[in-house]
2 protein chains.
Amino acid sequence: MANPANHPGDGSRATLAQVAARAGVSASTASLAFSGAGPVADETRERVLAAARELDYGGPDPRARSLRTGRSGIIAVVMEDRISVAFGDPVAVTLLDGIADEIGGAGYSLLLLTDSLERAEGGLRDAPMDAALLLGCSTDLDPAVRVLSQRQVPLIGVEAEPRQGLPMVDIDNRAGMRRLAEHLAGLGHERVAVITLPMDRGHARGPLTQVRQDASVAYTGLERLAGVRDVFPDAPAEVAAGSLIEEGLIAARALLDAEPALTAIVGQSDLLALGAIQAAEERGLRVPEDISVAGFDGARIDGLSRHRLTTVVQPTLEKGRAAARLALAALAGEPVENVAFTTELRIGDTTAAPRSA
Amino acid sequence: MANPANHPGDGSRATLAQVAARAGVSASTASLAFSGAGPVADETRERVLAAARELDYGGPDPRARSLRTGRSGIIAVVMEDRISVAFGDPVAVTLLDGIADEIGGAGYSLLLLTDSLERAEGGLRDAPMDAALLLGCSTDLDPAVRVLSQRQVPLIGVEAEPRQGLPMVDIDNRAGMRRLAEHLAGLGHERVAVITLPMDRGHARGPLTQVRQDASVAYTGLERLAGVRDVFPDAPAEVAAGSLIEEGLIAARALLDAEPALTAIVGQSDLLALGAIQAAEERGLRVPEDISVAGFDGARIDGLSRHRLTTVVQPTLEKGRAAARLALAALAGEPVENVAFTTELRIGDTTAAPRSA
DNA sequence: CGGGGGAGTCGAATCGATTCGATGCCCGAG
DNA sequence: CTCGGGCATCGAATCGATTCGACTCCCCCG
């Protein structure tokens, strides 16, 4: 075993040049021997590898390689929140999983960044990366877009507000929600409320007033809301502080207090819907007999067994994959175009005709 | 390729040298103007920044900087599983959160890698990084350790099996579990079973036989098991395929089938314990009246409201922070020493004296 | 027997910045 | 009036690899 600390004769890391010298070849040949790109005699390659072993050479330095080749092998994912918040959301995790899978297969690694400028400005500004994916459901991507496009890093959006020069992967949030709302309408529901995703950077809770709504740039949340209101134009909305069961619980309590006659609650995510179910049960309301609840995402949630949530299923994993492929295409110099996925209504056992329909 | 780089305003990327030329200063001065390290006249700095703006220069190229300075500003986290699996675990997420927080504060970014060699070999071998954290609860770190120490990347382990030259952060898994077991013994329990974390790379389920146990190198799981057996030497153990509620459910079903007289189940994680509670309730058993259940971690789990789980609380966030600090210390050339945290027993409402004590 | 061509190797330029030591300059002290 | 000392700036070396074109053999074909 090589002992880095006490190995005689090799102060710090060995370089390719030293390995080449020891093997009696030029640096260029040694490079070819390592990368395998180009004709090298078997015997020569052997000699180089042997020399490398003797010198404890760990392979070409990624920094130097990356300077020369212009590629770092890194694709960044920019999220809005702190990591713990983002990863509490099964949708984000699944998305990331698809991304990691796809870029890993292409030999890239995944760098995690947040766009909170105070903390991660360094990352956005300084981290090496070949492309960046901006994770949507975000309230405001502007700062990240500004910094990264200044750096001329190819950008791909995932459910971001459409904007010039930002190719993206999207789903039919509005149409999906509209179909869900039509399902509820078909069952006879009339008093339907919505629990929305965060609407501003502050993640403030509370009723969504017209003023707040107009001020918001939370693309995904607004689209999903619009879908419900296509069918129930007056549906009240309560804003949650995040896509969490607990947040759904809090928001639903407020809705149930304020709107005693509600017959259905639509969460803009499955987690929010689950919270709403908990809130209903707290009140002694049975789901779906006394109140219907539906969600969005079709996420597989660990430990959920009691209900089969009625929800709008989106191909989350595929979305991640597609976004990653767009990034890879951009890196390959191929043209990138927006990708749109469609959602599908999945009817579970949490929606039914209202009691006194 | 399509390289119409003839327009002065928007060619490919501008370089520092071009900016310097346009500002009428040398490259060295321009560099100082950007980095702020060294004396530069205000007026000169202004001129440089103006030139940069005119040329659309996005700041020094991280690749070149990193070659020259020898630092990439990246710290890697190596996990065993695919991302989605790892992030289903609130402990891993919290750990990562602590790590991200600490290294972000020091200007580093976080690179996510898995140690599955087929997929991420590229990452382990090629990705630029200044240090790497190996996330524990892993069944086998060997391959990752081999590749990375070959590259001479400073390594820090988190709950890894102690090994030469791998400084690490650990907790008193065994003592914590022993205290929990003593609590159960004090209540009068005698027939106690354990649901363990995965014991091998294949993540196989099933009873933990002596043969399997001897073959396992799953440090954390073995330690926690030993803690329980310090008090209940014959406690049977069922291996779960992951730290998930559903896995706890599956394992507990097996235990309840095979051991009808069990009075308590100890999960090696809170998620496993929650699964056990579900399994008990499925059987019509009430917790804690008919059976006691306890866990490990003290994780905050979204949406959990019915029970206050009796558990062994570990300072997960602090553990992540500490690991990150060790890495930063190693990078600063300071000596790094192992860090050990202690756990604390938190008694909730899921443990009580057995029925017929 | 001469020349085309491919395999194997080498030299040297290059990627884009950082950084150390040297230089020129101005100012105040002696 | 001269000399020491800061401050601002510049030159040049350097980080460690990749890569392109050139060069040398040597084999094979005509």
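In the text below, chain A, chain B and the rest are named by the order of the sequence lines, each starting its count at 1. Just so you know, these numbers use all the heavy atoms, side chains as well, and skip hydrogens, waters and symmetry mates. Predicted model only: the values in this text are computed from it and were never measured.
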How would you give the extent of chain B contacts on DNA chain D, as first and last nucleotide 5' to 3' within a 4.0 Å heavy-atom cut-off?
dA8(D) to dG16(D)
Assess, by modelled atom type and distance only, whether the side chains of Y219(B) and D170(B) contain a donor and an acceptor separated by less than 3.5 Å.
yes
Would the base of dG11(C) count as contacting S26(A) through its side chain, where contact means a donor and an acceptor less than 3.5 Å apart?
no
Distance-only, no hydrogens or angles: does the R45(A) side chain make a donor-acceptor pair with backbone N or O of G36(A) under 3.5 Å?
no
Do the side-chain N and O atoms of S31(B) and S28(B) include a donor-acceptor pair separated by under 3.5 angstrom?
no
Using the rule side-chain contact (heavy atoms from CB on, under 4.5 Å), only one of L317(A), I156(A), I75(A), L135(A) pairs with I99(A); which is it?
L135(A)
Could you check which residues of residues 58-74 of chain A get a heavy atom under 4.0 Å from DNA chain C? Sort them by number, please.
L67(A), R68(A)
Taking any heavy-atom pair under 4.0 Å as a contact, classify T15(B): base, sugar-phosphate, or nothing.
sugar-phosphate
When all nucleic acid strands are considered with a 4.0 Å heavy-atom cut-off, which category describes F34(A): base, sugar-phosphate, or nothing?
nothing
Cationic N near anionic O, under 4.0 Å, E334(A) to R325(A):
no
5'-most by nearest nucleotide on DNA chain D - D42(B) or S28(A)
D42(B)
Spacing of L32(A) atom CG relative to dG8(C) atom P, expressed in whole Å
11 Å
Exam field: side chain S149(A) to backbone Q152(A), donor-acceptor pair closer than 3.5 Å:
no
Hey, does S35(B) reach any base, or is it just sugar-phosphate, or nothing, if we go heavy atoms under 4.0 Å?
nothing
Is it true that R13(B) and D56(B) make a salt bridge, defined as a side-chain N closer than 4.0 Å to a carboxylate O?
no
Donor-acceptor check, side chain of R151(B) to backbone of L124(B), threshold 3.5 angstrom: yes or no?
yes
